[in-house]
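Sequence lines set the chain letters: A, B, ... in the order given, protein chains first and strands last, and positions in each chain run from 1.
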Amino acid sequence: MPLRLYNTLTKSLQPLVPIDPANLTFYTCGPTVYDDAHIGNFRSFLAADLLRRWLESPLCELTTREGTAHRAPAGRRVTHVMNITDVGHMTDDAAGGEHGEDRMAVAGQRLLEAKKSGRLPANVEIDPRNPHQIAAFYADRFVEDARRLGLKVALEAQHDPTLMPRATANIGDAAGTRGMTGMIRRLIERGHAYAVGPGDPGGGGGGQTVYFAVTTFDAYGALSGNTLDRLREGAGGRISEQNQSGKRHPADFLLWKSDPSHLMKWPSPWGEGYPGWHIECSVMSAARLRPDLLGPGGEGGGVGELPDGQPIIDVHSGGEDNIFPHHECEIAQSCAAFNSPRGSGPYAAMWFHPRFLLVEGDKMSKSKGNFFTARDLFEKGVEPAALRLELIRTHYRSNANFTMQGLTDSQRLVDRWRRFAEAAPGGGAATNDSARSEAAQEAARAFADAMHDDLNIAGAIAAVNTFVGFTASPTAEDIQLLRTIDAVLGVLDLERPAQAQTDIGVFLGGLAPDPAVVARLEDRAAARRGKDFKRSDAIRDELLAMGYAIKDAAGGKVEVSRA
RNA sequence: GGCCGCGUGCCAGAGUGGACAAAUGGAGCGGAUUGCAAAUCCGCUGGGGUAACCCUUCGUCGGUUCGAAUCCGACCGCGGCCUCCA
């Protein structure tokens, strides 16, 4: 059965029916770059990456618009775009994004303190007062982490930077002819948005604020369930008075705020200021995935409008917290801009929302001390493959629980699969050929069935383990199958921590060969040669107390890892 | 209060009407290997029986059905959103 996914929009399991099954369009709401991304962020991005890799797998089958099955030919491509939000939005968002402190300024303050206390690497040259430098600093670190975790979009972006667009590069211009200003102008022209403030509402004067008029979009609330009548009830007392005065409806949301005093600001037809939080994704998804709508200049010249009901892109993903308001507002903007006048089109055919990650059973938070960034863990010697597997091996729609035990389990799985993948092919035929090829076929089938069923990753991993367990001495075909499967899971080829070797020890997990440890290893080797096992065991305990676990390996060497 | 996701064995986590005492990992136990470990490999791992088989279990309580972990209802618990957040 072809792939079915849970669609947040319809709240049901549905086949993914792409506009063009040979070339899918996929947009993921990426990170904000005010700080390093944590493992919860990466769990969500990795879930999107897993889906993307599955869509590209030769094992994956999709449904065409004609209702037939579409098996991936040699090149089913997925154009996957993930934005980077580097505009400094406000901290006080209860006020609708118009007040509070600029997040980029807060990040700058933090960087400044880190610099003073020497916590920043010496080679980092960054002016903490320059928001563009702060954003670039964290964006680079994000991309670096993402590549280490095998996020395909980040790997591809090395050759095609347009796959990871920066919000600040898509703001537009003073005339409102392209980018976000272009789309805002278009929304005003089509009657879906309005400008208020000094300089005559609706006129062309500076210093204005632009809002999206939610009542002009019938389908508002379809994604989140927060329809306008429900919102009005729920909103009682929550929305600040000062901010509402200019709005026609309390749920109208910000498209442009004129504020020349803002840290990051750009020219626009409504005055110098900054864009609202939702408009960037509407603009960048269309710009990269549907240039036919916008035309070569970014705005104008394109077809501009789709028949009602036709999706703009195939798949859109983001963390569950994005469902409302962010994605609800994106739908309103994009459909209003490109679909028929009372726009109700679905924007994306499939809405994919991974759930939040817990850590040791608890909500992750800095105050609880269970807050991890990917780089924290890499520094502790966790290898990217283990972290990736740990973050993808729980179904994307459950609250996964990240634990140190789980990380160890994942590491073992990775090691086991690697032994299989790196075994000399065909070394001794323990199993007869027909049983072996049956096992491989069964594994491929079970893996695909599981993945087709809303990305049932646990079932898929079980199929891999059964296969690897059954086949003691893999053939070249067996290894090829594991490779095909791993192109989806994406763990085997990730970078491994360097091993440091001395004459006696092999230091794993990026450990440096500490002379104190080497000396003890030599003492222990001498004791063992003299059959003084009491002493050799005592040395092992000593090392353990120092935080090192050792393991005698073939050839008289000792493998050293963190205890 | 509204909308949504989830609740399975010691743990993580599959299973969504019969082949289920329930995949796959882990932990535990036994064995091979090792001076001993670690790692690796093999077997066992709800209760009872030599066995065919029987009994109890899938948040709780009810219901539908010849039959339910799986469908329906109510309740309880966990998580998310209701204008920051992956």
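Remark: A/Pro2 pairs with A/Glu61, A/Thr63 by the side chain to side chain contact (heavy atoms under 4.5 Å, CB included) rule, at least two apart or across chains. Applying the side chain to side chain donor-acceptor pair (under 3.5 Å) test to A/Ser410 and every residue at least two apart in sequence or in another chain returns A/Glu390, A/Arg393. A search for ring pair (Phe, Tyr, Trp, His ring centres under 6.0 Å) contacts involving A/Phe533 returns nothing, not counting sequence neighbours. Residues meeting the ring pair (Phe, Tyr, Trp, His ring centres under 6.0 Å) test with A/Phe467, sequence neighbours left out: A/Phe420. Judged as a side chain to side chain donor-acceptor pair (under 3.5 Å), and not counting sequence neighbours, A/Asn401 has no contacts. The side chain to side chain contact (heavy atoms under 4.5 Å, CB included) search around A/Glu542 returns A/Arg520, not counting sequence neighbours. Taking A/Ala374 as the reference, A/Phe42, A/Asp145, A/Leu149, A/Phe378, A/Leu387 meet the side chain to side chain contact (heavy atoms under 4.5 Å, CB included) condition, with sequence neighbours excluded.
For A/Phe356 and B/G79, the ring-to-base geometry does not satisfy the stacking test (centroid distance below 5.5 Å, interplanar angle below 30°).
A/Phe42 comes within 4.0 angstrom of no nucleic acid atom, judged by non-hydrogen atoms across all strands. Nucleic acid contact for A/Gly318: sugar-phosphate only, since backbone atoms but no base atoms lie under 4.0 Å from a heavy atom of the residue. Within the nucleic acid shown, A/Phe253 has no heavy atom closer than 4.0 Å to any nucleic acid atom. Residue contacts for A/Lys531: at a heavy-atom cut-off of 4.0 Å it reaches no nucleic acid atom on any strand shown. Residue A/Gln405 is classed as a sugar-phosphate contact, given heavy-atom separations below 4.0 Å to backbone atoms only.
Closest contact between the side chain of A/Asn41 and the listed nucleotides B/C36, B/C81, B/A86 involves B/A86. Residue A/Glu320 has its side chain nearest to B/G80 when only B/G80, B/A86, B/C4 are considered. You'll find that the side chain of A/Asn322 is closest to B/A86, out of B/C81, B/C84, B/A86. Here the side chain of A/Ala251 is nearest to one of B/U83, B/C36, B/C81, namely B/U83. Of the candidate nucleotides B/G2, B/G79, B/C4, B/C4 has the atom nearest to the side chain of A/Lys11. In this structure, of B/G79, B/A86, B/G25, it is B/G79 that holds the atom nearest to the side chain of A/Lys363. Distance from the side chain of A/Ala462 is smallest for B/A23 among the nucleotides B/C82, B/C4, B/A23. Side chain of A/Arg540, nearest nucleotide from B/G25, B/C85, B/C36: B/C36.
Screening residues 407-417 of chain A for salt bridge (charged side-chain N to carboxylate O under 4.0 Å, His left out) gives no qualifying pairs among residues at least two apart or on separate chains.
Counting to the nearest Å, the P atom of B/C3 and the CG atom of A/Leu228 are 16 Å from each other. Note: NE2 (A/His38) to C1' (B/A86) measures 6 Å, nearest angstrom. The interatomic distance linking A/Glu390 (CD) with B/U24 (P) rounds to 20 Å, in whole Å. Distance A/Phe45 CZ to B/C85 P: 12 Å, rounded to the nearest Å. Rounded to whole Å, the distance from CG on A/Leu151 to P on B/A86 is 15 Å. Taking atom CZ of residue A/Phe324 and atom P of nucleotide B/G5, one finds them 18 Å apart after rounding to whole Å. The interatomic distance linking A/Glu542 (CD) with B/A37 (P) rounds to 21 Å, in whole Å. We find that CH2 of A/Trp417 is positioned 11 Å from P of B/G25, with the value rounded to whole Å.
Atom C1' of B/A74 sits at a distance of 15 Å from the matching atom of B/U64, rounded to the whole Å. Between B/U60 and B/G77, the distance separating the two C1' atoms is 10 Å to the nearest Å. For B/A19 and B/A12, the P atoms lie 26 Å apart once the distance is rounded to whole Å. Using P as the reference atom, B/U16 and B/A69 are 13 Å apart when rounded to the nearest Å. On the C1' atoms, B/C58 is 15 Å away from B/C10, given to the nearest whole Å.
Base pairing of B/C71: its partner is B/G63, meeting the Watson-Crick or G-U wobble criterion (both donor-acceptor distances under 3.5 Å). In this structure B/A32 sits in a base pair with B/U40, meeting the Watson-Crick or G-U test at under 3.5 Å. Pairing for B/G46 goes to B/C55, judged as Watson-Crick or G-U wobble with the two contacts each under 3.5 Å. Across all strands shown, B/G77 is found opposite B/C6 as a Watson-Crick or G-U wobble partner, with both distances under 3.5 Å.
Just one residue in the list A/Arg248, A/His192, A/His249 forms a side chain to side chain donor-acceptor pair (under 3.5 Å) with A/Thr216, and that residue is A/His192.
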**Study point:** Residues A/Ile457, A/Leu489; criterion side-chain contact (heavy atoms from CB on, under 4.5 Å); working and verdict
**Key:** CA-CA 9 Å; A/Ile457 185 69; A/Leu489 301 177; 3.6 Å; yes

Dump the pairs, protein N or O against N or O of nucleotides 38-40 of chain B, anything under 3.5 Å, distances to one decimal.
| from | atom 1 | to | atom 2 | distance (Å) |
| --- | --- | --- | --- | --- |
| B/A39 | O2' | A/Lys551 | NZ | 3.4 |
| B/U40 | OP2 | A/Arg412 | NH2 | 3.3 |

Between protein and nucleic acid, restricted to nucleotides 28-34 of chain B and to nitrogen or oxygen atoms under 3.5 Å apart, what atom pairs and distances do you find?
none

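Between the side chain of A/Arg529 and the backbone N or O of A/Arg524, no donor-acceptor pair lies under 3.5 Å.
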Can you give the donor-acceptor pairs under 3.5 Å from side chains of residues 555-563 of chain A to other protein atoms, not counting sequence neighbours?
| from | atom 1 | to | atom 2 | distance (Å) |
| --- | --- | --- | --- | --- |
| A/Lys557 | NZ | A/Gln501 | OE1 | 3.0 |
| A/Lys557 | NZ | A/Thr502 | O | 2.9 |
| A/Arg562 | NE | A/Lys380 | O | 3.3 |
| A/Arg562 | NH1 | A/Lys380 | O | 3.4 |
| A/Arg562 | NH1 | A/Gly509 | O | 3.0 |

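The base of B/C84 is paired with the side chain of A/Arg103 by a donor and an acceptor separated by under 3.5 Å.
Of the residues near RNA chain B, A/Asn465 and A/Gly225, the one whose nearest nucleotide (by heavy atom distance) lies more toward the 5' end is A/Gly225. Comparing A/Ser224 and A/Ile323, the nucleotide of RNA chain B nearest to each residue sits closer to the 5' end for A/Ser224.
Here A/Thr32 reaches the OP1 or OP2 of B/A86: one of its side-chain N or O atoms lies under 4.0 Å away.
Because its NZ or CZ atom is not both nearer than 6.0 Å to the ring centre of A/Tyr396 and within 45° of the ring axis, A/Arg355 does not count as a cation-pi partner of that residue.
A donor atom on one side chain and an acceptor atom on the other are found under 3.5 Å apart for A/Thr85 and A/Asn83.
The aromatic rings of A/Tyr220 and A/Phe253 lie parallel to each other, with less than 30° between the two planes, well short of the 60° mark.
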Exercise for review: Would you give a per-nucleotide map of nucleotides 8-20 of chain B, 5' to 3', where B means the base has a protein non-hydrogen atom under 4.0 Å away, S means only the sugar-phosphate does, and - means neither?
Suggested key: -----SSS-----

